[in-house]
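Reviewing the structure listed below.
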Amino acid sequence: MIKSPDLNPFQALLLRVGHANKFQYQIYAVFALKWLIAGLFLMSLNFLFLTEEFTCTEEEAPKDFCKEWVCQHSEEFWKLHLKNPPRSLAYEFEWYVCGREWVVSLTQSMMYLGSFTGYVTLPFIADNFGRKRSEMISWLIAVFGIVTLSTSMSMAQAGIGLFFCGMGINTAINLHYTFLKEFVIGHTKEIMIITLQIMFSLGVLLTALLAMYVPNWRIACVSFFAIPIVLLLYGYVYIEETPEFSLSKGYNVLLESMNRIATTNERPLLTMEDIEEELKNYTAPEESRLGVWSLFRYKSLRLTTYCCGFVHMAVEFIYDGTLFNLNRVGLSVYTNQMVVAAAEMVASLYCNFVVPRLKRKSYTIICLSLVGVLLLLTAFIGTLKEGNYAIAELGVMIAMRFVLSSLWGFYFVYLTELYPCEITTISIGYMNAVGALAATASPYIKLAAKSWSMVIMAGMSFVAAGHVACLRETKG
C-alpha cells in the first residue's frame, strides 16, 4: 500500500488520477516497442556490414593464410575467391575488405559518435523544451538517420545515416527512464524498467534471426528499421509531459495534463483546488548552476569520477568489442548472437534478484575480474590448432556476456549511490558520454588478430577492476 505522506506532491496527484493504470501501460507499450527496435538496430552492425572469408584451394594457399594471399592481388582477383559475397554494405559500393577494412570500422563508429553527441546535447533540449518534446525531437532525428541510411548510395552517406540513428535512438530510449520515474509509482515501475531491458535483448536476438532470412541490407533497413521507426512516431500522442516541467509552465498546464491522464484511466477529474492543495507546501527548485564541472569540483569527487569514468569506458568497449568479434568465435555469427542475446535476457532478470542483496564494490570487482579471465580463456582456445573447439569457445563467450550484462544493471545502481542526489543525473549523463566515446573505438578492435583483441579487452577489464578498488562501498 502506497501512503500519501511518503510521496512528493506530484506522486500524490498521480494517486488521484492513476499511477499504474491504462495511461501508464499505454506509454510503457510505446517505450517497450522503441526499446525492441533499438535492440534490433543498434546491434545490427555485424549484419549490415557482414563479410565472408575468401576461399582458396590447398595448392593456392593454406587456410590460415588464404586471406593474406588473396589480398596481395587486385580487387578483380578477390572476386574470383568469393563468388557469392553477402548483400551487405561491405560489398555494396566497393569491396571494403583487405586494406580497406578500416572504412567499415570508421563507418560503424559513426553510430557511437552520434550517441556521444546525443548524450551531450540532450540535457539542453530537455531543460528548454521538456521531456516530451525532447523525446519527439530525438525520434525525428532517428527517422532522418534511418531514411538516410536506407537510401544510401555511398559509404559516406551510410555513415551520416548511422550518426543520426545513434544520436536519435540512444537519446530517446534514455529519456524513457525519466518518464517511468515520474509517471509510475511502486513495484510496477521496477517491473517496467526491467522488462525494457529484456525487450532490448529480445531485439538483439531477433536481429540475428531476421538477418538469416533477409540477407539484403537495404531490404532489412526498410522493412525492419525504417518502417517501424516511422510508425512509432505516432506513439507521441500517448505521452504526456512530465508533471514537474508542466508545473513550470503554469498551474493550468499541469491541471490539463493531469486531467488527460485521469480521463484515460477513467478516474475523476481534478480541479484547480486539488492542484493547489497538493502543491501548497511545494517550493520549486531554484535554477540549477550545476554542470559536468561539479563532478570535478571537489577532491573527493574527482577520484570517484575518474574511476567510474574508466570503468564505464571499459564495460562499453568490451560489450561492443565482443559484439564485433562474434563472427570470429564459436559457430556462425547468427547462432552466436541469438544465444548471447538469450543469455543477456536471463542476466537482466538475475540482476534484479542480486541488486538488493550484494555489496556493490565487491560484486563489481568480482564481475570485472571474471570477465577478464573468460576473455583470456577465449583467447587461449582461439590459439589451439588441433580439434574443433567452437562449442567451448561459444560457451565461454556466453558466460562472459552473461556476467557483463548482469554487471551493467548492477553498476548503474552503484553509480547512483556514489554521488549526491543533486548531481546523480549529471554523473549518469557524463558516464554515458564517456562510454559512447569508448564505444566509438570498439569497431576497430576487429582489425587486430582475434586472440590479441580478446587480450586487449581482458586487460581493460582487469584495470577497470583495479579502479573499482579505489571506490567506496555503498551497501551496508
Side-chain angles (χ1 to χ4, degrees), residues 1-31 34 122-140 171-190 192-193 196 233-290 421-426 428-429:
M1 179 68 180
I2 300 174
K3 298 180 180 179
S4 185
D6 300 328
L7 306 176
N8 64 43
F10 302 110
Q11 292 172 325
L13 287 171
L14 280 174
L15 282 184
R16 296 192 180 201
V17 300
H19 64 89
N21 297 85
K22 184 179 178 181
F23 167 75
Q24 283 76 14
Y25 285 104
Q26 279 183 349
I27 63 171
Y28 167 74
V30 173
F31 296 162
K34 289 188 175 183
L122 175 63
F124 173 80
I125 298 173
D127 290 344
N128 289 275
F129 299 99
R131 305 299 189 266
K132 180 179 179 180
R133 286 185 180 176
S134 296
E135 207 270 355
M136 180 64 167
I137 291 169
S138 297
W139 207 252
L140 281 171
T171 51
I173 65 175
N174 271 278
L175 275 171
H176 298 163
Y177 289 121
T178 303
F179 284 103
L180 294 180
K181 179 182 177 181
E182 297 202 34
F183 280 125
V184 189
I185 305 173
H187 189 57
T188 303
K189 176 175 64 178
E190 298 173 5
M192 286 181 174
I193 290 174
L196 284 183
L233 281 172
Y234 182 72
Y236 181 76
V237 303
Y238 295 104
I239 303 172
E240 284 291 331
E241 184 52 79
T242 53
E244 194 164 352
F245 188 84
S246 295
L247 178 62
S248 70
K249 299 301 180 183
Y251 275 45
N252 286 330
V253 175
L254 178 61
L255 177 63
E256 291 172 4
S257 176
M258 284 294 165
N259 279 340
R260 284 193 293 270
I261 296 174
T263 301
T264 302
N265 290 339
E266 299 178 357
R267 293 290 188 92
L269 298 181
L270 301 182
T271 64
M272 185 59 74
E273 288 72 22
D274 295 325
I275 299 291
E276 291 172 347
E277 178 187 349
E278 293 295 349
L279 296 175
K280 61 184 177 183
N281 296 321
Y282 174 75
T283 302
E286 296 181 5
E287 185 177 352
S288 175
R289 296 182 180 274
L290 300 173
C421 295
E422 294 84 355
I423 57 174
T424 298
T425 302
I426 296 171
I428 292 175

So for atom OH, which belongs to Tyr236, do other residues, nucleotides or ligands contribute more than 12 heavy atoms lying within a distance under 6.0 Å?
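More than 12 within 6.0 Å, yes.
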Within the supplied structure, the quantity of interest is the number of heavy atoms (other residues, nucleotides, ligands) at a distance under 6.0 Å from Arg133 CZ; does it exceed 12?
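Incorrect, the count does not exceed 12.
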Qualifying residue for side chain to side chain contact (heavy atoms under 4.5 Å, CB included) with Ile261, from His19, Glu240, Lys22
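For Ile261, the side chain to side chain contact (heavy atoms under 4.5 Å, CB included) test succeeds with only one of His19, Glu240, Lys22, which is Glu240.
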From [X] [atom1] over to [Y] [atom2], what is the distance, rounded to the nearest 0.5 angstrom?
X      : Y      : atom1 : atom2 : answer
Ile275 : Leu254 : CD1   : CG    : 4.5 Å
Phe23  : Ile239 : CZ    : CD1   : 8.0 Å
Leu233 : Trp139 : CG    : CH2   : 8.5 Å
Asn252 : Ser246 : CG    : OG    : 12.0 Å
Glu135 : Thr242 : CD    : OG1   : 12.0 Å
Leu255 : Leu270 : CG    : CG    : 6.5 Å

[Y] backbone acceptor or donor facing [X] side chain under 3.5 Å:
X      : Y      : value
Thr264 : Arg260 : yes
Thr263 : Asn259 : yes
Asp274 : Thr271 : yes

Beyond-backbone contact of [X] with [Y], side-chain heavy atoms, under 4.5 angstrom:
X      : Y      : answer
Leu13  : Val17  : no
Tyr251 : Leu279 : yes
Glu244 : Phe10  : yes

For [X] against [Y], the heavy-atom pair lying closest together:
X      : Y      : value
Ala262 : Pro268 : CB-O, 3.7 Å
Gly130 : Ser134 : O-OG, 2.6 Å
Gly18  : Arg267 : N-NH1, 3.8 Å
Glu277 : Lys280 : O-CG, 3.2 Å
Thr188 : Tyr25  : CG2-OH, 3.8 Å

Kindly determine whether His176 and Val30 satisfy side-chain contact (heavy atoms from CB on, under 4.5 Å), including the steps that lead there.
CA-CA 10 Å; His176 298 163; Val30 173; over 6 Å; no
Under 4.0 Å between a side-chain nitrogen and a carboxylate oxygen: does that hold for Arg16 and Glu278?
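Here Arg16 pairs with Glu278 in a salt bridge, since their nearest N and O are under 4.0 Å apart.
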With a 4.0 Å cut-off, would you call Glu256 and Lys249 a salt bridge?
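No salt bridge links Glu256 with Lys249.
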From CA spacing to verdict: side-chain contact (heavy atoms from CB on, under 4.5 Å), Leu269, Met258
CA-CA 8 Å; Leu269 298 181; Met258 284 294 165; over 6 Å; no
Classify the angle between the aromatic ring planes of Phe31 and Phe179 as parallel (below 30°), tilted (30 to 60°) or perpendicular (above 60°).
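Rings of Phe31 and Phe179: tilted, as their planes differ by 30° to 60°.
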Check against side-chain contact (heavy atoms from CB on, under 4.5 Å), Glu241 and Val253
CA-CA 10 Å; Glu241 184 52 79; Val253 175; over 6 Å; no
